[in-house]
Every structure is written in C-alpha cells, then in structure tokens.
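Comments concern the structure below.
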Amino acid sequence: MIDLRPLYFGLAGGARLVRLDISGMYLVKGGVSGFWASLFWSAGLVLPLYVLLMLLRFDPQVHDGLRFLFSHGVVYSLAWLIFPVIMERVTVFIDRRQYFLRFIIGYNWLGCFYNLFFLLVGLAQASHMISWEAASAISAGLMLAGLVWIGHLAKHALDIPYSAAVGIVVLDLFMGVMINLLSVSLLSN
C-alpha cells in the first residue's frame, strides 16, 4: 500500500514555504526517508506536466524522437539529482551538515511548486493561451520569487546569515544555467 501521508504533508509544507512561512519545514517527513519521499513525490508530480510541455514543443521535422526523449529525460533527472549532491558537500564545507536533510527536503517540496508554476506558464504559452511576451514576464517574476524562496529557506533551514544564503541562491541559479546549457547541447546536431 502506498503511503500518501508524505505527499499530503509535503504539499502542505511546500505551500507554506511558498508563502515564506518557515513552519512548512516542520510539516514534512524528515530524515533520509523524508528526503527520498520528497524527491520521489516532487519529481513525480512535476513529470506529467513536463512531458506534456515537451510533447507540445516537439517538432518531428527538427528533432529525432528518440534523441529528444533521451535528452530531456537526462536533463530532467539531473535537474532533480545534482543539486542535492552538491549541497551535501556545501553543507559540510560551511559546517551545517546536520541541517542538510532539513534544507534539501524543504528545497524539494519548494521545487515542486516552483516547477509546477513554471510548467503551467509554459503550457499556457505553448497552447497560445498567453503571448510569448506575457509568458516571459511571468517567468521572470517566477524566477525572482524562486530566488527569494530558496534564499529564505536556506537562511532558516541551514541557520546561516543572509549573505551565505545569497551564495546558495547563486549556486542554484548557476546550476540551473548549466543544466539549460546541457539541454541545448544535447539537442543540437
């Protein structure tokens, strides 16, 4: 039987984190099992919208189907897996390893909402419900909100000053850019 409690409490906690209510961290399941639950459920909830958006953007005259599917599968997996690996090392370096799981579990649930918001904007633009310009403006606002959410979470979950939280935000932004570059390079001929 699938235990849906981590999903329910994870979404409730993530919704609080989106509102900058740090008490959302205490709703989610903790520990190593909480990390895996947050990763599994967050990535699993975002995946259907991601696949739908990729199908809407697929052009058989431009892309080879198998390569397109493989490339986006690799990028999607890396996007969810690489930041926790890097952050584990960062938390050791800044002497906050004991707070790593608390931070990364909150980060995963926050990332679930963040990615869902982005994908909904992308789907609205791909289906011509909103213009490219409107989608760009909304996406820029979402990116700014995401940076604030991550910085706020890092400051409180890792118990670090805002200056260090800004460093975590910059690392997350850098990783996002690198993953986008990887996506482009995998799809280029």
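Residue numbers start at 1 and run along the sequence shown.
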Validation row: I2, L7 side chains within 4.5 angstrom (heavy atoms):
no
Step-by-step side chain to side chain contact (heavy atoms under 4.5 Å, CB included) determination, Y26 to R102:
CA-CA 9 Å; Y26 304 108; R102 181 170 71 175; 3.8 Å; yes
Just checking L66: does its CG atom have more than 12 heavy atoms from other residues, nucleotides or ligands closer to it than 6.0 angstrom?
no
Please report the C-alpha distance between F35 and I104 in whole Å, then the side-chain angles of each, then the deciding distance to 0.1 Å, and finally whether the side chain to side chain contact (heavy atoms under 4.5 Å, CB included) criterion is met.
CA-CA 7 Å; F35 164 72; I104 209 66; 3.4 Å; yes
So do the side chains of I138 and L142 get within less than 4.5 Å of each other, counting heavy atoms only?
yes
Would L158 end up clustered with V166 when hydrophobic side chains under 4.5 Å apart are linked, directly or stepwise?
no
Under 3.5 Å, is there a donor-acceptor pair between the side chain of S71 and the main chain of F68?
no
For the backbone of A157 and the side chain of R96, can you confirm whether one donor and one acceptor N or O come within less than 3.5 Å of each other?
no
Does the S42 side chain pair with the main chain of N108, one donor and one acceptor, at a distance under 3.5 Å?
yes
Side chains of V121 and I130 in contact at under 4.5 Å (non-hydrogen atoms)
yes
At what distance, to the nearest 0.5 angstrom, does OG of S38 lie from CH2 of W80?
8.5 Å
Residues, nucleotides or ligands: over 12 heavy atoms within 6.0 Å of D95 CG:
no
Counting neighbours of OH on Y8 that are heavy atoms of other residues, nucleotides or ligands and sit closer than 6.0 Å, is the number greater than 12?
no
Would you say V75 and L55 are hydrophobically clustered, going by side-chain heavy atoms of ILVMFWY under 4.5 Å?
yes
CG (L144) and OG (S139) are apart, to the nearest 0.5 Å, by 12.5 Å
Would you compute the distance between atom CD1 of I82 and atom CD1 of I179 and round it to the nearest 0.5 angstrom?
6.0 Å
With hydrophobic residues grouped by side-chain heavy-atom distances under 4.5 Å, do V90 and L147 end up in a single group?
yes
On a heavy-atom basis, the closest approach of L20 and H152 is O-NE2, 3.2 Å
Nearest heavy atoms of K155 and A165, plus distance in Å
N-CB, 3.9 Å
Apply side chain to side chain contact (heavy atoms under 4.5 Å, CB included) to residues N115 and L49 and explain how you reach the verdict.
CA-CA 9 Å; N115 284 299; L49 287 177; over 6 Å; no
Side chain proximity check, F113 to L45, heavy atoms < 4.5 angstrom:
no
Would you say that F83 contacts E88 through its side chain, given a criterion of any heavy-atom pair below 4.5 Å between the two side chains?
no
Gap separating the CG atom of L47 from the CG atom of L119, nearest 0.5 angstrom
10.0 Å
Gap separating the CG atom of L17 from the CH2 atom of W149, nearest 0.5 angstrom
10.5 Å
Between the main-chain N or O of G73 and the side-chain N or O of S77, is there a donor-acceptor pair closer than 3.5 Å?
yes
Single-linkage hydrophobic cluster, 4.5 Å side-chain cutoff, M175 and V85 together:
no
Is the backbone of I22 close enough, under 3.5 Å, to the side chain of H156 for a donor and an acceptor to pair up by distance?
no
Tell me the closest heavy-atom pair linking Y99 and D159, and the distance in Å.
CE1-CB, 4.1 Å
State the CE-CG distance between M178 and L171, to the nearest 0.5 angstrom.
11.5 Å
Would you say Y50 and M129 are hydrophobically clustered, going by side-chain heavy atoms of ILVMFWY under 4.5 Å?
no
Tell me, do C112 and V46 make a side-chain contact under 4.5 Å, heavy atoms counted?
yes
For L182 and S185, which heavy atoms make the closest approach, and how far apart are they?
O-OG, 2.9 Å
Taking all atoms of both residues into account, what is the closest heavy-atom pair of P6 and K29, and its distance?
CG-CD, 4.2 Å
Could you tell me which non-hydrogen atom of G24 sits nearest to which non-hydrogen atom of R16, and how far apart they are?
CA-CB, 3.7 Å
So F118 and Y114, would you call those rings parallel, tilted or perpendicular, with 30° and 60° as cut-offs?
perpendicular
Kindly determine whether Y107 and L110 satisfy side chain to side chain contact (heavy atoms under 4.5 Å, CB included), including the steps that lead there.
CA-CA 5 Å; Y107 177 86; L110 193 55; 5.7 Å; no
